[in-house]
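All residue numbers in this chain count up from 1 along the given sequence. Bear in mind the structure is a predicted one, so any value in this text is a computation, not a measurement.
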Amino acid sequence: MRARHLAPAALLLPFTLLLAACGGSSRAEGGGGTASGTDGKGSLTLNVGDQKGGSEALLRAAGELDDLPYKIKWSTFTSGPPLLEAVNAGAVDVGAVGNTPPVFAAAAKSKIKVIAGSHSRSDGETILVKKDSPLKRPAQLKGKSVAVAQGSSAHYQLVASLKKAGLTAKDVTLNYLQPADALAAFTRGKVDAWAVWDPYTSQALDQADARVLTTGQGLVNGLSFQVAAPAALDDKKKSAALKDYTDRLRRAQNWVFKHPDVWAKAWAKETGLPEKVALDAVKRTRGTAVAVAVDKAAIASEQQIVDSFAALKLIPRSFDFGEFVDPRFNGDLPPSATAPRTYGKAH
């Protein structure tokens with residue numbers, strides 16, 4: 001078993017591998033995607049953007065790649081923003097991202113359409129402090145330094161948590177750091193707190209002497225999305241494949257909830273995460289996801305993120321998020337406000 005208190009350098013590999021896999025990032029890390037294989041058969045090819053330990057690993061573990069009537073060509077990206085850049089360029093037909101990268105992409109007038117959503121618990125969206133920190137509640141962050149990935153879901157969660165505590169982003173010193181750098185700063189005491197998402201939350205709690213100051217539960221929408229290229233949606237055959245693909249993802253997520261240990265083991269192998277950390281993240285956040293419709297409530301919730309980041313001048317303009325949604329695959333999916341699944345007491 002891996003030692004509980006690892007040096008920061010030893011933690012960097014899995015953090016880098018998973019960079020922004022859950023929360024997204026405002027900056028492209030490492031440019032475009034890397035080709036990572038093809039599944040299925042047939043004359044039609046669906047180009048799918050993915051992140052390490054993401055949709056491909058999930059579908060493979062759940063057996064949903066065994067009978068594909070079309071081909072999926074996988075490309076791996078380090079975070080949501082470069083993936084959405086590829087969607088905008090037409091190099092990728094669809095890809096999974098968190099709730100914030102589509103806001104930044106749409107603000108840049110990218111050619112994207114949100115076509116499917118899932119709703120997870122937000123216990124993994126946290127503000128962490130060291131176990132021996134004197135900070136006990138978010139209001140005490142005033143005048144303190146906080147590490148956060150700019151434009152990430154954690155950034156919005158931080159803004160929302162500060163607002164609830166009667167503070168604004170101007171009341172704290174923001175250190176815009178990607179997770180690997182934030183981990184090092186946090187471990188060395190260079191920052192007072194760290195706003196981050198799972199599986200980084202689970203890993204920091206297990207290995208970086210961290211504790212939770214507050215979570216995003218009740219503050220952030222817990223949504224993540226499949227985002228497609230309009231040109232792929234306009235192609236009848238590709239549109240049908242996209243519908244099938246989102247159906248497979250829904251079934252795979254149902255499988256994960258029923259087999260958390262099996263998925264955690266596969267996810268750990270794929271990413272380098274310790275199995276305990278992977279299982280903690282599955283039970284805290286990842287396994288709780290339920291497929292939901294991209295409906296008016298989801299659009300309104302995303303609009304709050306748009307308006308918040310526009311007010312902070314982190315995006316160049318406000319806009320109608322609904323213009324970047326295509327609801328054709330909503331079908332009989334439950335409303336976006338449908339409660340996520342739970343494994344009982346939050347882990």
Side-chain angles (χ1 to χ4, degrees), residues 15 18-26 51 53-54 79-80 96-104 117-129 135 137-138 141 146-165 167 169 172 174-179 182-183 186 191 193-206 208 210-225 273 277-278 280-290 292 298 301-302 304-306 308-309 312 314 336-337 339-343 345-347:
F15 270 76
L18 279 160
L19 185 58
C22 299
S25 157
S26 64
Q51 297 176 49
S79 66
V97 296
N99 65 0
T100 306
V103 168
F104 280 79
S118 63
H119 187 202
S120 306
R121 289 190 60 82
S122 299
D123 301 280
E125 293 269 0
T126 59
I127 298 176
L128 301 175
V129 295
L135 302 179
R137 59 187 188 276
L141 288 170
V146 185
V148 65
Q150 185 175 9
S152 66
S153 59
H155 195 172
Y156 180 68
Q157 185 258 334
L158 173 61
V159 169
S161 295
L162 291 173
K163 182 177 181 180
K164 184 179 180 181
L167 303 175
V172 300
L174 295 179
N175 288 256
Y176 289 131
L177 299 171
Q178 293 295 339
L183 170 70
F186 180 80
V191 294
W194 180 18
V196 73
W197 58 91
D198 249 338
Y200 311 120
T201 290
S202 294
Q203 190 160 16
L205 291 174
D206 188 64
R211 65 175 168 85
V212 175
L213 183 69
T214 190
T215 77
Q217 197 63 34
L219 286 179
V220 299
N221 62 23
L223 295 174
S224 57
F225 301 109
L273 284 169
V277 171
D280 285 349
V282 169
K283 290 190 171 182
R284 181 181 285 111
T285 309
R286 285 299 190 91
T288 70
V290 59
V292 295
S301 183
E302 287 293 297
Q304 291 181 358
I305 301 177
V306 171
S308 294
F309 280 130
L312 292 169
L314 290 170
S336 60
R341 301 174 170 108
T342 177
Y343 291 95
K345 183 179 179 181
H347 288 69

Problem set entry | Worked check of side chain to side chain contact (heavy atoms under 4.5 Å, CB included) between Asp123 and Thr288 | CA-CA 10 Å; Asp123 301 280; Thr288 70; over 6 Å; no
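- Atom CG of Asn99 is separated from atom CG of Asn221 by 4.5 Å, given to the nearest 0.5 angstrom.
- Using a 3.5 Å distance cut-off with no hydrogens or angles, the side chains of Thr100 and Ser152 do not pair a donor with an acceptor.
- When every heavy atom of Pro199 is checked against every heavy atom of Val277, the shortest pair comes out as O-CG1, 4.1 Å.
- Here the closest non-hydrogen pair linking Ala210 and Leu205 is O-CD2, 3.4 Å.
- The nearest pair of heavy atoms linking Ser122 to Gln217 is N-OE1, 2.7 Å.
- Thr285 contributes atom OG1, which lies 11.0 Å from atom OH of Tyr343 (distance to the nearest 0.5 angstrom).
- For the atom pair CG of Leu219 and OH of Tyr156, the computed distance is 8.5 Å after rounding to the nearest 0.5 Å.
- The shortest distance between side-chain heavy atoms of Val146 and Val191 does not fall below 4.5 Å.
- A distance-only check finds no donor-acceptor pair linking the side chain of Glu125 to the backbone of Trp197 [under 3.5 Å].
- Note that CZ of Arg121 is 12.0 Å distant from CG of Asp198, once rounded to the nearest 0.5 Å.
- In terms of the side chain to side chain contact (heavy atoms under 4.5 Å, CB included) criterion, residue partners of Thr214 (sequence neighbours excluded) are, by chain and number, Ile127, Pro138, Gln157, Ser161.
- Residue Gly117 comes nearest to Phe225 through the heavy atom pair CA-CD2, 4.0 Å, listed as atom of the first residue, atom of the second, then distance.
- For Asn175, the side-chain hydrogen bond (donor to acceptor under 3.5 Å, both in side chains) test picks out no residue, with sequence neighbours left out.
- No donor-acceptor pair under 3.5 Å is formed between the side chain of Gln203 and the backbone N or O of Ala208.
- Ring geometry for His155 against Phe309 counts as perpendicular: the plane angle is over 60°, on a 0 to 90° scale with 30° as the lower cut.
- A heavy-atom distance below 4.5 Å is not found between the side chains of Thr215 and Arg284.
- With Arg211 contributing its side chain and Leu128 its backbone, the two residues share no donor-acceptor pair below 3.5 Å.
- We find the OG1-CH2 distance between Thr201 and Trp194 to be 7.5 Å, quoted to the nearest 0.5 Å.
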For this session: In sequence, state the C-alpha distance, the side-chain angles, and the governing distance for Thr126 and Val196, and then conclude on side chain to side chain contact (heavy atoms under 4.5 Å, CB included).
Result: CA-CA 6 Å; Thr126 59; Val196 73; 4.0 Å; yes
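- Ser202 and Asp280 share no side-chain donor-acceptor pair at under 3.5 Å.
- Contact detail for Ser336 and Leu223: the closest heavy-atom pair is O-CD2, 4.2 Å.
- Taking all atoms of both residues into account, the shortest heavy-atom contact from Ser224 to Ser118 is OG-OG, 2.7 Å.
- Using a 4.5 Å cut-off on side-chain heavy atoms (C-beta onward), Val148 and Tyr176 make contact.
- Contact of the Ile305 side chain with the Val220 side chain is not registered, since no non-hydrogen atoms from C-beta on lie closer than 4.5 Å.
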